[in-house]
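Quick caveat: nothing in here was measured; it's all calculated off a predicted structure. First listed ligand is number 1; within each ligand, the first listed atom is number 1. Note: hydrogens, waters and symmetry copies are ignored here, and every other heavy atom, side chains too, is used.
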Amino acid sequence: MPVLVMKFGGTSVANLDRIRRAAKRVAVEVAKGYDVIVIVSAMSGKTNELVGWVSETSPFFDAREYDAVVSSGENVTAGLMALTLQEMDIPARSWQGWQVPVQTTSAHAAARIEDIPPANIEAKFAEGMRVAVVAGFQGVSPEGRITTLGRGGSDTTAVAFAAAFEAERCDIYTDVDGVYTTDPRISDKARKLDRIAFEEMLELASLGAKVLQTRSVELAMRYNVRLRVLSSFEEQSDEAGTLVCDEEDVMENRPVSGIAYSRDEAKMTLVSVADRPGIAAAIFGPLSEAGVNVDMIIQNIAEDGRTDMTFSCPVDQVANAKKAMEGAKASGEINYHELIADTDVAKVSAVGIGMRSQSGVAATMFKTLSDEGINIKVIATSEIKISVLIDRKYMELAVQALHDAFELEKAD
Ligand code: ADP
Ligand code: ASP
Ligand code: MG
C-alpha cells in the first residue's frame, strides 16, 4: 500500500482533544488506503519546560543527559496517539526513535539522521498494522545512547521517514495553514504562498522562519520528497496548504518572496586582537569546538597591528562563546583587550531567488530601514538573501516595513 507521512507539531497535540482531532485526520488518510507513518512532537511547551529543567540543574550540561531528558516529551504523545487510534479501531503502534531504529550521529542535541532501516515497521504493516506512530525529534547514536535532532527536529524526522519509506507525500500539520511571506504572527499583511521553492524555504528556515526545521528542507530537496505544510485546525483538501517544490514549479517571479527574522541573536566583539595571519582561525576554531554557531563576521580595519573582530551567534550560546574565548586567551592562542556582548539584537532578512537576476534589493532594504530610523549594525548577503542585525526592539517594525516595501501582501 502507498505510504503517507503525517507530522503533527506541538500545538496540534497540545492536549487529548487535539490528539483526537489529529487522529481523525489520520483516519481520513487510512480510509483512502494509505499506510500512514505519523510523526509527533511533544505537547506544546513541554520541550521548553524540559530544557529549562536541564539548564537549571546543570548550566553547562552533559549533552547526553540533556537528550535523555528533552526527548521524553515525544514519547508521551506517541503513546497517546497510538492509543487514540486504537480507540477508533485503527490498528496502530507507537515507536520511540531507538526502536525503529532512527540511527543518528553522536552529536548530542544536534544529531543528524544517518539511516532509518524500514524493515521493523514494514514487517508490522505487512501484519496489518495501519499506522506507525513515531516519536519525532529523537534517535539513537552508534554508542546506543538517545540523541535529539535540535529544536524543531520532528520536521526532519518526518522528511527522513518520507525518504526512507518512499512516501507519496510528507504533510506537516501545524498551527498555521501554510508558509507565509513572513510570520503571520508578526504581520497581519502576511500572505499565504501556494508554493515555495526549496532554495527559498531553505534560506527562510535557516534565517529563523521556524515553520520548518532547516535540515528537513535540505533532506526534502536531496531526496525529492513532496513536502506540504498545512493546518491541523481546518478541514483539508488535497490542495490545501503550501507545497515546497522545485523552482521551476513556482509561478511567482519577484525579487523578494519572504521576510524572516531571528529574535534571539547576540553580537560579540573582541576588542583589540592582533592583526596577524591565523588570527581568524585562532578565534573561530575554539568557538566551533565549543559548538557556537557563528553566523555573521566582520573584521574591522587594523590600526597599529591590532583590530576588532565582531561576530554574531544565537544569544543562548553567549556563555559558551565567552568561555571558549577566555580559554583561548588563557592558553595564549589569542589575546584581546575586552569581549563585549550585545545581547539585544535581532536579525531580519529578505529572501528571494529573484534577487539573482534583479538588482536594487539591498538599496530598497537599507532605505526602508533608514526611513524608519533603524540603525543597521551588521550586514550579510548571499546570492538569494540580505540579512541585517538591528536592535531587537525594532525587529517587528523592520519586518513590517520591509514586507510593505517589497509589496509582499500582493499576489503576482
Ligand atoms: P509546530 O509546533 O507545529 O512545529 P512551530 O511553532 O515550530 O510549529 O512552527 C509554526 C510557526 O512558525 C507558526 O506559528 C508561525 O508563527 C511561525 N512562522 C515563522 N515564519 C513563518 C512563515 N514564513 N510562515 C508560516 N509560519 C511562520
Ligand atoms: N519538541 C521538539 C521541539 O520543541 C521538536 C519539535 O517539536 O519539532 O523543538
Ligand atoms: Mg516546529
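Of all protein heavy atoms, the one closest to atom 21 (C) of ligand 1 is Asp183 CA, 3.7 Å. With hydrogens left out, the protein atom closest to atom 25 (C) of ligand 1 is Gly178 O, 3.4 Å, a heavy atom. Nearest protein heavy-atom contact of atom 14 (O) of ligand 1 is Arg185 NH2, 2.6 Å. For atom 2 (O) of ligand 1, the closest heavy atom belonging to the protein is Gly10 N, 3.1 Å. Considering only non-hydrogen protein atoms, atom 23 (N) of ligand 1 sits nearest to Tyr180 O, 3.0 Å.
Using a 4.0 Å cut-off between heavy atoms, Thr174 contacts ligand 1 through both its backbone and its side chain. Counting heavy atoms closer than 4.0 Å to ligand 1, residue Thr182 contributes backbone atoms (N, CA, C, O) but none from C-beta onward. Of all the heavy atoms of Gln213, none lies under 4.0 Å from any atom of ligand 1, so neither backbone nor side chain is involved. Contact annotation for Lys210 and ligand 1: heavy atoms of both the backbone and the side chain come within less than 4.0 Å of the ligand.
Protein residues having a heavy atom under 4.0 Å from any atom of ligand 2 are Ser41, Ala42, Thr47, Glu74, Phe137, Arg151, Gly152, Gly153, Ser154, listed by chain and number.
In this structure, Asp391 contributes its side chain and Lys393 its backbone to no donor-acceptor pair below 3.5 Å. A side-chain donor-acceptor contact under 3.5 Å links Thr157 to the backbone of Phe137. At distances below 3.5 Å, not a single donor-acceptor pair connects side-chain atoms of Thr269 with backbone N or O atoms of Thr310. Remark: the backbone N or O of Thr307 is not paired with any side-chain donor or acceptor of Asn300 at under 3.5 angstrom. Side chain of Gln103 to main chain of Pro142: no donor-acceptor pair is present (N/O by atom type, distance under 3.5 Å, no hydrogens or angles). Without hydrogens or angle criteria, Ser141 side chain to Thr147 main chain gives no donor-acceptor distance under 3.5 Å.
Backbone and side-chain nitrogen or oxygen atoms of Lys7 are examined, and one is located within less than 3.5 angstrom of a nitrogen or oxygen of ligand 1.
No more than 12 heavy atoms of other residues, nucleotides or ligands lie within 6.0 Å of NZ in Lys124, so this atom counts as exposed by the packing criterion. Counting non-hydrogen atoms of other residues, nucleotides and ligands closer than 6.0 Å to CZ of Arg18 gives a total above 12.
Minimum heavy-atom separation, Arg93 to Ala82: C-CB, 4.0 Å.
No cation-pi contact links Lys267 to Phe311, judged by a cut-off of 6.0 Å to the six-membered ring centre and 45° from its axis.
With ligand atoms numbered from 1 in the order given, ligand 1 contributes 24 (N) to contacts under 4.0 Å with heavy atoms of Val179.
Salt-bridge formation is not detected for the pair Asp67/Arg145: no Lys NZ or Arg NE/NH1/NH2 atom is positioned less than 4.0 Å from an Asp or Glu carboxylate oxygen.
If you check each of Leu204, Val211, Thr242, Asp175 against atom 13 (C) of ligand 1, the one with the closest non-hydrogen atom is Asp175.
Aromatic rings from Tyr173 and Phe233 are positioned such that their centres are separated by 6.0 Å or more.
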